[in-house]
Student: 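Here it is: the structure, laid out below.
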Number of protein chains: 2
Amino acid sequence: MNNRDDIVEKLKSSGVTPTTQRVEIAQILFARPQHLSAEQILEMANEGSSTASKATVYNTLGLFAKKGLVKEVIVDPSKVFYDSNVSRHFHFFNTDTGMLTDIPVDAINFDKLPELPEGTESSSLEVIVRIKNS
Amino acid sequence: MNNRDDIVEKLKSSGVTPTTQRVEIAQILFARPQHLSAEQILEMANEGSSTASKATVYNTLGLFAKKGLVKEVIVDPSKVFYDSNVSRHFHFFNTDTGMLTDIPVDAINFDKLPELPEGTESSSLEVIVRIKNS
DNA sequence: TATAGCGTTAGACAAAGTCTAGGAATGCAG
DNA sequence: CTGCATTCCTAGACTTTGTCTAACGCTATA
């Protein structure tokens with residue numbers, strides 16, 4: 001998933017027109033499963049050959065999230081993380097270091113889940129285990 | 001828990017000196033189980049008899065959270081909610097309305113939880129069910 | 001009455017994110 | 001190819017939440 005053609009294909013098949021900037025950002029995100037902030041992505045994008053403005057980075061991340069290419073992870077009040085792993089999983093968030101790490105799906109099991117309020121549907125189930133150094 | 005003396009006692013027994021502003025803010029929070037943002041609390045505090053500055057509201061909420069009087073809930077990237085219910089429970093977050101509601105503990109059951117990373121301890125386990133209007 | 005220490009304050013500041021207005025690229029019709 | 005519409009990108013202004021700073025007030029104790 002680090003090769004440009006695969007990325008272009010991936011974008012297209014999600015209904016995203018693969019512009020230079022979008023492909024650049026997608027390459028950063030999909031290089032490996034990771035958690036990046038918008039700031040980090042902006043910085044990384046501008047180290048590479050092409051560049052992208054702040055507005056474009058935010059627009060693109062919003063678009064990717066809407067299309068399901070990326071998952072927004074809200075654990076730190078000061079910034080949102082973009083997770084390139086969209087398969088079902090959960091998170092540890094270390095409040096001492098600010099580090100976000102994955103918990104595999106099969107490490108948690110629910111045997112009971114709540115009924116949703118009338119007139120609503122679920123869009124995601126998040127589990128965050130906040131940890132600190134001991 | 002809406003009576004001033006009870007609140008003063010509650011603060012004292014958590015090691016918080018009960019100043020005018022802190023009692024005012026505590027009264028707002030503990031009037032009933034609810035989820036309020038700092039902005040809302042600031043506004044409500046300044047409708048009442050005494051007043052509190054922005055800095056004091058933020059300081060006080062941070063102090064209350066540290067002392068376990070209140071729980072920070074991070075679900076909306078734009079603001080943190082302060083939850084006056086500190087007993088174990090989980091949350092629905094409606095992304096259409098921005099409304100945060102409780103899920104009682106017994107509506108969710110885990111039969112498997114992950115091991116923590118080496119050298120860390122858990123500080124909280126959060127479950128957030130994101131919902132939208134259907 | 002002096003002093004120390006904590007709490008509060010206004011307002012400046014910081015950082016993440018949004019908005020706007022215009023320009024560049026792309027694609028399509030004729 | 002030319003003209004036109006549409007989509008995308010951009011710089012920079014702006015907004016909002018939250019933090020910081022420096023001065024001031026309050027209370028308690030000696």
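Note on naming: letters A, B, ... go to the chains in the order of the sequence lines (proteins, then strands), and numbering restarts at 1 for each one.
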Student: Linking Ile, Leu, Val, Met, Phe, Trp and Tyr by side-chain heavy atoms under 4.5 Å, what else ends up with B:Met99?
Tutor: none
Student: Residues of residues 70-80 of chain A with any non-hydrogen atom less than 4.0 angstrom from an atom of DNA chain C: list those, numerically ordered, please.
Tutor: A:Ser78, A:Lys79, A:Val80
Student: Run the ring pair (Phe, Tyr, Trp, His ring centres under 6.0 Å) test against A:His89 and tell me which residues pass, sequence neighbours left out.
Tutor: A:His91
Student: Let's see if you get this right: which residues in residues 33-51 of chain A place a heavy atom under 4.0 Å from DNA chain C?
Tutor: A:Ala38, A:Glu39
Student: Under the salt bridge (Lys or Arg N to Asp or Glu O under 4.0 Å) definition, can you give me all pairs with a residue in residues 79-104 of chain A, not counting sequence neighbours?
Tutor: A:Asp76-A:Lys79
Student: Would you write out the dot-bracket form of DNA chain D, 5' to 3', with Watson-Crick and G-U pairs under 3.5 Å, [ ] for crossing pairs, | for pairs to other strands and . for unpaired bases?
Tutor: ||||||||||||||||||||||||||||||
Student: For residues 115-125 of chain B, which side-chain N or O atoms pair as donor and acceptor with protein atoms under 3.5 Å away, sequence neighbours left out?
Tutor:
{"unit_1": "B:Thr120", "atom_1": "OG1", "unit_2": "B:Pro117", "atom_2": "O", "d": "2.6"}
{"unit_1": "B:Ser123", "atom_1": "OG", "unit_2": "A:Arg130", "atom_2": "O", "d": "3.2"}
{"unit_1": "B:Ser124", "atom_1": "OG", "unit_2": "B:Glu126", "atom_2": "OE2", "d": "3.4"}

Student: If you look only at pairs with a residue in residues 15-26 of chain B, which of them pass as a side-chain hydrogen bond (donor to acceptor under 3.5 Å, both in side chains), with sequence neighbours excluded?
Tutor: B:Glu24-B:Ser50
Student: Show the distances under 3.5 angstrom between N or O atoms of the protein and N or O atoms of nucleotides 20-27 of chain D.
Tutor:
none

Student: Return all side-chain donor-acceptor pairs below 3.5 angstrom for residues 56-67 of chain A, not counting sequence neighbours, or 'none' if the list is empty.
Tutor:
{"unit_1": "A:Thr56", "atom_1": "OG1", "unit_2": "A:Ser53", "atom_2": "OG", "d": "3.1"}
{"unit_1": "A:Asn59", "atom_1": "ND2", "unit_2": "A:Ala55", "atom_2": "O", "d": "3.3"}
{"unit_1": "A:Thr60", "atom_1": "OG1", "unit_2": "A:Thr56", "atom_2": "O", "d": "2.7"}

Student: Nucleotides 22-28 of chain C: which of its N/O atoms have a protein N/O under 3.5 Å away?
Tutor:
none

Student: With ring-ring contact (aromatic ring centres under 6.0 Å, His included) as the rule and sequence neighbours excluded, what pairs involving residues 107-134 of chain B come up?
Tutor: A:Phe110-B:Phe110
